[in-house]
Amino acid sequence: MSVNDDLSALFATFAALLQIKGESVFKAIAFQKVSRLLGETSVDLRKAAAEGSLAEMEGIGDSSRKIIEDYLANGKSADFDSVAASVPAGLLPMLEIPGLGPKTIALLWKERNIQSAEELSKAIDAGKLDGVKGIGEKKIDQIKQGIALRAASKGRMGIVQALAVAEELLARVRKLPGVEKAEIAGSLRRRRETIGDVDLIAALKDENGGEAVAKHFTQFPQVERVLGQGKTKASILTTSGLQVDLRLVPMAHLGAALQYFTGSKEHNVRLRSLANDQGMTLNEWGLYRVSDYDKSEKKTGEAPAVKPVASKNEAEIYSALGLQTPDPLLREDRGEITAAADGKLPKLIELADIRGDLHSHTVASDGSDTILAMAEAARDRGYQFLAITDHSKSQVIANGLDAKRLLAHVKEIHKIGAQIKGITLLAGCEVDILSDGQMDFENEILAELDIVIASPHVALRQDQEKATQRLLRAIENPYVNVIGHPTGRLIHQREGLPLDFGPIFKAAAESGTAMEINAAYPRLDLNDVHARAAIAAGVKLSINTDAHSTGGLGAMIFGIEVARRAWAGSVDVINCLGVSELKSLVRRKRPR
DNA sequence: GCCGTTTTCGGCCCGACTGTTTTCAGTCG
């Protein structure tokens with residue numbers, strides 16, 4: 001964990017503590033914002049504090065600045081510690097129980113001295129919650145279910161798995177008789193790397209047909225448990241442990257619902273605030289003039305009885321607010337609304353811009369297909385080139401190639417490349433970056449290759465200083481063209497190297513070394529935030545699948561989506577170059 | 001706690017749903 005991550009976590013916990021203590025919700029929200037800001041920024045907080053530029057970051061005021069400075073100087077925050085000491089630590093995880101919020105947690109603590117989820121379960125079973133004011137039989141039941149639900153749902157699911165579940169359900173929803181149109185919304189539509197729950201939106205053929213559609217939905221074979229069901233919404237837990245909410249709206253309001261439920265929450269808050277500035281109000285039904293809206297009759301679950309400024313599709317809503325429509329993947333309140341207002345949203349990279357994959361494996365190391373099979377599969381995808389990059393000798397477990405085998409492999413790749421039509425094969429290697437930054441092969445060997453990917457595979461628990469120096473040394477090697485999966489992280493499994501990206505991106509930009517977005521789940525490494533910082537530093541990206549079979553080449557789309565979330569255009573990605581441009585890129589870095 | 005091209009004080013996004021209540025509080029997304 002970097003110091004940025006540590007501080008981000010500290011502010012998130014601080015916000016939760018304030019909520020439970022019942023302090024101003026705005027104070028808690030302010031700290032939540034600081035937490036998000038620190039988690040996503042590429043600014044090195046240690047440097048920013050030293051230069052006195054902390055206060056320049058929007059959202060960080062005097063109090064937050066002092067907490068950060070205190071933490072940097074002393075390894076802890078006195079403000080935080082004194083608040084933390086006044087609230088039992090066991091209360092914080094209770095916030096994860098659905099249906100249980102800070103007010104109820106505080107109430108149970110004060111009235112019944114309940115200090116953890118375990119104590120809460122016991123108290124419910126022993127009937128000790130009877131007689132607490134504001135907590136009735138149903139509420140107790142709801143809490144009980146919430147505890148069971150938290151145990152049943154497995155937390156956040158990886159995007160690849162969640163997408164598969166969601167698309168299967170979406171196909172079924174689209175076939176239901178009452179449904180005109182249906183789409184995925186929520187964080188899955190934004191393609192976040194992990195998904196808490198899935199939001200589906202369905203437009204009804206008949207406004208009153210919601211109940212029937214909801215009923216069908218709850219009877220799908222994927223349903224493990226029904227969490228709720230009405231005429232505008234149904235909620236289920238799937239057999240795979242994923243919560244899926246289906247929203248049912250009239251066709252005329254589909255755009256507004258899609259916008260609203262795609263979010264993110266922060267994007268929507270900023271957008272609605274912008275609407276207010278312009279005398280309008282935005283909600284899940286549409287964009288309305290405040291003067292009209294205030295006069296309208298509003299019934300719960302029905303569209304307001306007044307003509308909206310916009311509601312049919314997302315584009316007309318953004319347009320009415322004077323904005324370009326940001327791609328769903330950009331809607332994270334990371335500057336997209338300001339850019340949209342200035343007409344400066346980037347032209348994002350697309351799958352069709354990709355001309356080849358620069359990182360793949362064959363049976364020579366730990367892949368399962370031959371050079372020829374991989375080449376044909378790449379050609380079938382319309383690629384102009386494919387780099388074969390099997391592992392180097394240190395990767396014994398992956399049957400890594402020693403120098404002799406590698407040189408024979410290079411010959412073989414070139415031989416097959418000369419025979420096959422319609423695609424250029426590049427003979428490369430995924431060379432291990434050893435723990436001190438040395439390459440797993442001598443430069444004389446690397447010089448025989450068309451392209452070199454250098455990746456960290458071992459010693460992934462190094463401290464920031466060591467890990468950063470290690471990658472810097474690799475970047476400075478004239479034969480290294482791409483740093484593969486730079487952090488080595490595995491989502492949900494491994495943190496990866498705690499790199500200081502500032503100097504790394506600077507060195508990569510100056511030397512003409514690309515940084516990889518490894519498209520294979522659970523790598524997705526670099527992630528969206530770091531990839532965006534890389535682009536800002538002038539670094540070129542390389543999006544690769546790290547395919548270990550012909551099927552693995554299909555993961556490219558997930559790398560593209562990370563790149564889009566990083567605001568990347570095709571000019572930022574070397575996989576969009578032609579073969580000769582690519583070769584001259586490699587040549588430029590090498591000694592003459 | 002943070003912010004300001006109407007503000008250095010007074011706001012801070014919005015609606016649905018649920019439960020415990022007779023008019024509202026809490027939770028959620």
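Proteins come first, then strands; the chains are lettered A, B, ... in the order of their sequence lines, and each starts at number 1. Note that the coordinates shown come from a computational prediction; the quantities given were computed from them, not determined experimentally.
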Enquirer: With side chain to side chain donor-acceptor pair (under 3.5 Å) as the rule and sequence neighbours excluded, what pairs involving residues 196-225 of chain A come up?
Expert: E168(A)-Q222(A)
Enquirer: Between dC3(B), dG15(B), dG26(B), which nucleotide has the shortest distance from any of its atoms to the side chain of W285(A)?
Expert: dG15(B)
Enquirer: Quote, to the nearest angstrom, the P distance that separates dC28(B) from dT20(B).
Expert: 15 Å
Enquirer: Would you mind checking if E332(A) and R564(A) are paired as a salt bridge, meaning a charged N to carboxylate O distance below 4.0 Å?
Expert: no
Enquirer: Applying a 4.0 Å non-hydrogen cut-off, can you work out what Y293(A) is touching in the nucleic acid: base, sugar-phosphate, or nothing?
Expert: sugar-phosphate
Enquirer: Taking atom types as modelled, is there a side-chain donor on Q259(A) or Y318(A) under 3.5 Å from an acceptor on the other?
Expert: yes
Enquirer: I want to verify a distance call: between dG26(B), dG1(B), dG15(B), whose nearest atom is closest to the E284(A) side chain?
Expert: dG15(B)
Enquirer: Give E137(A) one of three labels, base, sugar-phosphate or nothing, depending on what nucleic acid heavy atoms sit under 4.0 Å from its own.
Expert: sugar-phosphate
Enquirer: Using the P atoms only, state how far dT6(B) lies from dG1(B), rounded to an integer number of Å.
Expert: 27 Å
Enquirer: Return the nucleotide paired to dT8(B): Watson-Crick means purine N1 to pyrimidine N3 with N6-O4 or O6-N4, wobble means G-U with N1-O2 and O6-N3, both under 3.5 Å.
Expert: none
Enquirer: Mark this stacking check for F26(A) against dC12(B) as yes or no, applying ring centres under 5.5 Å and ring planes under 30°.
Expert: yes
Enquirer: Could you check whether E167(A) pairs with R174(A) (Lys NZ or Arg NE/NH1/NH2 to Asp/Glu carboxylate O, under 4.0 Å)?
Expert: no
Enquirer: Hey, are E350(A) and K347(A) close enough for a salt bridge, meaning a charged N less than 4.0 Å from a carboxylate O?
Expert: yes
Enquirer: Taking only the C1' atom of each, what is the distance from dC14(B) to dC9(B) in whole angstrom?
Expert: 25 Å
Enquirer: Taking the same atom, P, in dG10(B) and in dG15(B), what whole-Å distance lies between them?
Expert: 25 Å
Enquirer: By the rule that syn is within 90° of 0, classify the base conformation of dT6(B) as syn or anti.
Expert: anti
Enquirer: With heavy atoms under 4.0 Å as the rule, sort D245(A) into base, sugar-phosphate or nothing.
Expert: nothing
Enquirer: Just checking L100(A): base, sugar-phosphate only, or nothing, at a heavy-atom cut-off of under 4.0 Å?
Expert: sugar-phosphate
Enquirer: Could you tell me how far dT21(B) sits from dG26(B) if I compare only their C1' atoms? Round to whole Å.
Expert: 13 Å
Enquirer: If you check every side-chain atom of S64(A), which of dG1(B), dC3(B), dG19(B) has the closest atom?
Expert: dG1(B)
Enquirer: Taking only the side-chain heavy atoms of K138(A) (C-beta and beyond), determine which of dG26(B), dG1(B), dG19(B) contains the nearest atom.
Expert: dG19(B)
Enquirer: Determine the Euclidean distance between corresponding P atoms of dT8(B) and dC3(B); express it in Å to zero decimal places.
Expert: 16 Å
